[in-house]
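Following: one structure in structure tokens, then a few remarks.
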Protein chains: 2
Amino acid sequence: MKLFMLKNKLPNKIVTRLSLYYQILSKTTSSYISSQNIASHLGTNSAQVRKDISLFGQFGIPGKGYNVKKLYLNIEKILGIDKSWNVVIIGCGNLGSALLKYSGFKEQRFNIIAGFDIDKNKIGKVINNRKIYHIDELKNFVKKNVVDIAAITVPSSSAKEIIKYVADCGIKGILNFSATQIKLPKCITLKFDLTIEFIRLACMLANSKLTQ
Amino acid sequence: MKLFMLKNKLPNKIVTRLSLYYQILSKTTSSYISSQNIASHLGTNSAQVRKDISLFGQFGIPGKGYNVKKLYLNIEKILGIDKSWNVVIIGCGNLGSALLKYSGFKEQRFNIIAGFDIDKNKIGKVINNRKIYHIDELKNFVKKNVVDIAAITVPSSSAKEIIKYVADCGIKGILNFSATQIKLPKCITLKFDLTIEFIRLACMLANSKLTQ
DNA sequence: TAGATTGTTAATCGATTAACAATC
DNA sequence: TAGATTGTTAATCGATTAACAATC
């Protein structure tokens, strides 16, 4: 048995790759797929794919490949996403409203159920069937509804304070879009930084130019 | 000399970490900072920080640490971001408009200079000083303006076709926000997938619950 | 049976960390 | 000088890949 299984903690790399396999499977129409086929979608190696999958059991058939539906459901279980997740948006500015307007996460069973803000002009509004409440109502809202994840899309100036409050309300998962870095003992925080992605791309461009 | 220097290609991991150091330095007010101090911000190891930095030269002073300003400028040079980058937004829907409205990237010298769409109701509009053009005008626009990066925020149904067109217009850097996976020989593509982040967080939550 | 592809081992490769002499 | 911290080596740790017997 693998160490990470004893620890109940999947390494991030494996989670990320499994998510990618999961997405490929969701788009696959044939009933069987080979590790080579999955790998070719991702520019990786078939051994990598087989190894990742075999960590959790024997899901394939030699000579044939993997049953797409079966593997899909198994990865869902492994990732722990074989359930629905309720998400609230904290801060309904540019990015926050974009998330409220977007309906694409539902396919993966992430349901955005409400928005929260402090701006009186926004409170009470309904965007894409999702109501915006005053942030002070969050505590009550969490008591009456299941809330798994809060997406933090407030300006970084107020982010720290608000994230603490959100954790205090009992929300366990935080997707932090603000520039602020913060870790809390009571919950799991994942930082999401668009600037870093721009920098990474710029760096790749700058480096590639050298070789041309 | 390191292999990646001969190849003119920084490994992604190092780029990401250097970007993080860069952001910490940008917020540091003292004039010197130790590797231990940088590491503590990131939950990493001081040896890691020193090793990363020392790959590119000797920037520190034993017993004192690193000169913040000097190191900041050096990382900027190493990452190749000691210049401005012009960015266009392709697809001015929810996410696209949010990017157009946002001004925070300017600090890192990423200038969003225009948006492109096919919707007649949007074309001609000006958001946050940024004009929206018809996508057919992109080719011409690229001839008259320096465009380094295109952020693709169109629905995934049309993403492949549009990304090919964008590459054809001569734009070398593509930040792909759509669910479509595509690689092109002529340009550098970086995929950016919010769903994967949600899945990663959900997985962390699901796993942590097991241990509690 | 012949061809294809799995699951798994062993080998390789790369990344992280501990430790410490050198230096301010 | 004493204390602090760098730059770098060597040791450890983990991740990827090649290879192939087993199996459909």
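Just so we're on the same page: letters track the sequence lines, and every chain starts at 1.
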Is Glu197(A) paired with Arg200(A) through a side-chain N to carboxylate O contact shorter than 4.0 Å? yes

When the distance from CD1 of Ile14(B) to P of dA15(C) is rounded to whole Å, what number comes out? 7 Å

Taking atom C1' of dT5(D) as reference, at what distance in whole Å does atom CD1 of Ile38(B) sit? 12 Å

Nearest whole Å is fine: how far is dA15(D) P from Leu55(A) CG? 10 Å

Counting only side-chain nitrogens and oxygens, does Tyr66(B) get under 4.0 Å of the OP1 or OP2 atom of dG7(D)? yes

Less than 4.5 Å apart, any side-chain heavy atom of Tyr32(B) and any of Asn67(B)? yes

What is the separation between atom CD on Gln36(A) and atom P on dT6(C), rounded to the nearest whole Å? 9 Å

Measuring from Ile174(A):CD1 to Asp148(A):CG, what's the distance to the nearest 0.5 Å? 12.5 Å

Rounded to the Å, how far apart are Asn74(A) CG and dG7(C) C1'? 16 Å

Given Val87(A) and Phe105(A), is the side-chain contact (heavy atoms from CB on, under 4.5 Å) satisfied, shown in steps? CA-CA 10 Å; Val87(A) 179; Phe105(A) 298 128; over 6 Å; no

To the nearest Å, give me how far apart CD1 (Ile53(A)) and C1' (dT5(C)) are. 12 Å

Write down the distance between CG (Leu71(A)) and P (dG7(C)), rounded to a whole number of angstrom. 9 Å

Approximate separation, where rounding is to 0.5 Å, of Ile112(B) CD1 and Asn129(B) CG: 12.5 Å

Just wondering, are more than 12 heavy atoms of other shown residues or ligands nearer than 6.0 Å to NZ in Lys144(B)? no

May I ask you to say what Ser35(B) touches in the nucleic acid, namely base, sugar-phosphate or nothing, with a heavy-atom cut-off under 4.0 Å? sugar-phosphate

Return a single string for nucleotides 16-24 of chain C, one symbol per nucleotide in 5' to 3' order, where B is base contact, S is sugar-phosphate-only contact and - is none, cutoff 4.0 angstrom on heavy atoms. SBBB---BB

Interatomic distance, CD1@Ile38(A) vs CG@Leu71(A), rounded to 0.5 Å, equals 6.0 Å

Ion pair Arg109(A)/Asp82(A), N-O distance below 4.0 Å: no

Measure the angle between the two terminal helix axes of the helix from dG3(C)-dC24(D) to dC24(C)-dG3(D), five base pairs each, and quote it to 10°. 20°

Does NZ belonging to Lys191(B) count more than 12 external heavy atoms closer than 6.0 Å? yes

Any base atoms under 4.0 Å from Phe59(A), or only sugar-phosphate, or nothing? Heavy atoms, all strands. sugar-phosphate

